Amino acid sequence: MATKVRVRFAPSPTGGLHLGGVRTVLFNYLFAKHHNGEFVLRIEDTDQTRYVPGAEEYIIECLKWCGLNPDESPQLGGPFAPYRQSERKPMYRQYAEQLVKDGYAYYAFDTPEELNAKREAIPNFQYGHQFRKEMRNSLSLSPKEVKDLIEQGVPHVVRVKMPENETVTFNDMIRAEVSFDTNLVDDKVLLKADGMPTYHLAVVVDDYLMKISHAFRGEEWLPSAPVHILLWKYLGWEADMPQWAHLPLILKPDGNGKLSKRDGDRLGFPVYAMNWADPKTGDLTKGFRELGFLPEAFINLLVMLGWNDGTDQEVFSLDEMIEKFSIERVSKAGAKFDFEKAKWYNAEWIKKTPVEKIRSSFTAILDDNGIAGVEEHYLNSVIGLIKERCVLLTDFWQQASFFFRRPHEFDMDAVKPKWTNEKTEFFKSLVSTFPALPSWNATDLENEFKALAADKGLKIGDVMLPFRIMLVGGKFGPAVFDIAALIGKEESSERVSQFLDLINQ
RNA sequence: GGCCCGUUCGUCUAGGGGUUAGGACGCCAGAUUUUCAUUCUGGAAACACGGGUUCGAUUCCCGUACGGGCUACCA
């Protein structure tokens, strides 16, 4: 079938967007764009009890930040609107009823209490062919009883009737052939008592209605795949069923298991794409964005968790990823998240991103620190000098604050023990030569500095470090003469004088 | 417990019947940077185990072990 490639990301708006979720979006997006297809955002808000206000907007903001914008969404609309399952509620019942009519599903009247009692009484209880006759449903009750119950408005659900002794086999794009014995799959609820579909019904109906061609989701969905596949068949849509791809999971760095928000809190790294403030508790969970990650680095590190292009290349732009992505090269095994490597990707991206493109991030940091009105050319020069020393964008202030205000503290331990009157004299002379200097640039200044040191019989190394401490405050930063050149003649003089007063008092 | 999925350096991975099993992060050492970082060079570091198949298996098959996922009127 030469149908158009259409994929979807279908999150449940229950909280912050997990990095695994973003990777699922990314693989969806890359696959779609690689094939000139469409990427749909569908909100799966069928569980009203878990709905969290703001979560949907948050998800959209995350996608925007990552540059993975959908072609159709609740906000954008599209030919298959609405894209929010709660707004599609009336559509689902007819399909559930059709399944009942065709004998593929049935009404069940068991209360939650009854179900719990059953689960406690029978170890490994499964609502399936073995026990469904013992439950209260349209398979065990007489047609009249069923009719009466429904007419009385007794709450009920619709369950799929899993067949006996069948094998459901399908071809997963990542795992090849996977099979399930239907005897071991339970009669999943399709329509809840509140009239909302469960994920199982909704995903099939909406994927069909929205003409989804390829369905990507996490490996945790593999066990329910047979239910979905049977539903496609029972609804008569088998020929239109999307191709499935169950993505490997992202695992916690230590030990094993799916990476969770808790692991991030525990180990000190973000798990959500952006800051997430829980509206109920007010708890703030840090995100990659606020921690100082570039979106390019974020998606780059995510794509490498489970995919590679077969070469040694590790740094990819979105366009390169789109061009090179192929589902055949997605690995089967889960990948442990490594924050050290994540930071490396960020450092690489900060280094390779042009100053103009990251300037706004730094302006924001300056704002936060009360620095305003910095001249653009000056800022650009500072960024150019500092860029390759930042692993996170947020390292900028610590690395560059001295370019915008005088240091508050000085690393006296680095100079005091070896301080001499000769050094005081040297710096006094140095400053006195400044006004007459024909030009103010790093190389001329360096020559002047060295000549004077030689003249005074001082070793260069003995005065370089103090000079740095005077200008910067500590043992860090770019080349000293670059710093002096940039902050200017006046400022350099004043910092030297100020420091001389301090150390000689 | 049952079902399903998985298993190459610590981590992300390439590879694939005959290779010195390659790269990257991290780590260690050295060079450069008269600070620190960057950069460069070098180093340690892996095919889970047992049976097959084969002249030959890390690679193919089967088991075992280990790990993970699922087992809700959650997604």
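Worth saying up front: this structure is predicted, and the values here are computed from it rather than measured. The sequence lines fix the lettering, A, B, ..., with proteins before strands; numbering per chain opens at 1.
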Between [X] ([atom1]) and [N] ([atom2]), how many Å, whole number?
X: A:K343; N: B:A24; atom1: NZ; atom2: C1'; value: 17 Å
X: A:M304; N: B:G23; atom1: CE; atom2: P; value: 15 Å
X: A:L302; N: B:U13; atom1: CG; atom2: P; value: 12 Å
X: A:E113; N: B:A72; atom1: CD; atom2: C1'; value: 14 Å
X: A:L251; N: B:G69; atom1: CG; atom2: P; value: 7 Å
X: A:L305; N: B:G68; atom1: CG; atom2: C1'; value: 16 Å

Check every atom of [options] against the side chain of [X] and return the nucleotide holding the closest atom.
X: A:E220; options: B:G6, B:A24, B:A75; answer: B:A75
X: A:L249; options: B:C70, B:G68, B:U13; answer: B:G68
X: A:L465; options: B:U38, B:U35, B:A75; answer: B:U35
X: A:T198; options: B:C74, B:A37, B:G2; answer: B:C74
X: A:K336; options: B:G23, B:U11, B:G6; answer: B:U11
X: A:Y199; options: B:A75, B:A24, B:C5; answer: B:A75
X: A:N308; options: B:A14, B:G10, B:G69; answer: B:A14
X: A:F180; options: B:G2, B:C5, B:C4; answer: B:C4

Just to be sure I understand the rule, does [X] reach a base, reach only the sugar-phosphate, or reach nothing, if contact means heavy atoms closer than 4.0 Å?
X: A:M464; answer: base
X: A:P248; answer: nothing
X: A:T49; answer: nothing
X: A:R468; answer: base
X: A:D194; answer: nothing
X: A:A193; answer: base

side-chain N/O [X] vs [N] OP1/OP2, d < 4.0 Å:
X: A:R329; N: B:G15; answer: yes
X: A:R119; N: B:C73; answer: yes
X: A:K252; N: B:G68; answer: no
X: A:K351; N: B:U39; answer: yes
X: A:T46; N: B:A75; answer: yes
X: A:N124; N: B:G1; answer: no
X: A:S331; N: B:C12; answer: no
X: A:K192; N: B:A72; answer: no
X: A:K258; N: B:G6; answer: no
X: A:R159; N: B:C73; answer: yes

Centres of the [X] and [Y] rings: under 6.0 Å?
X: A:F27; Y: A:W307; result: no
X: A:F337; Y: A:F269; result: yes
X: A:F449; Y: A:F426; result: yes

Under the criterion salt bridge (charged side-chain N to carboxylate O under 4.0 Å, His left out), I'd like the reasoning laid out for A:E446 against A:K450: C-alpha separation, chi angles, the key distance, then a yes or no. CA-CA 6 Å; A:E446 182 171 356; A:K450 286 180 175 171; 2.7 Å; yes
Is there a donor N/O on one and an acceptor N/O on the other, under 3.5 Å, for the side chain of A:K188 and the base of B:A72?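 There is none.
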Need to verify one output field. Residue with the more 5' nearest nucleotide on RNA chain B, A:T311 or A:K450?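 Taking each residue's closest nucleotide, the earlier one in sequence belongs to A:T311.
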Nucleotide opposite B:G63 in a Watson-Crick or G-U pair, distances under 3.5 Å: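 Checking every strand shown, B:G63 finds its partner in B:C49, with both distances under 3.5 Å.
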Return the pairing partner of B:A44 with a 3.5 Å limit on both distances, Watson-Crick or G-U wobble; otherwise return none.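 B:A44 is unpaired by these criteria.
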Cationic tip of A:R132 above A:Y127 ring, under 6.0 Å, 45° of axis: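 Cation-pi check for A:R132 and A:Y127: fails.
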Euclidean distance for P, B:G63 against B:G2 (whole angstrom):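 Per the computed distance, 16 Å lies between those P atoms.
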Regarding A:S260 and A:K252, is there a side-chain donor-to-acceptor distance under 3.5 Å anywhere?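 On atom types as modelled, these side chains do not qualify, holding no pair under 3.5 Å.
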Would you say the side-chain atoms of A:S86 and A:D45 include a donor-acceptor pair closer than 3.5 Å?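 Present: a donor and an acceptor within the cut-off.
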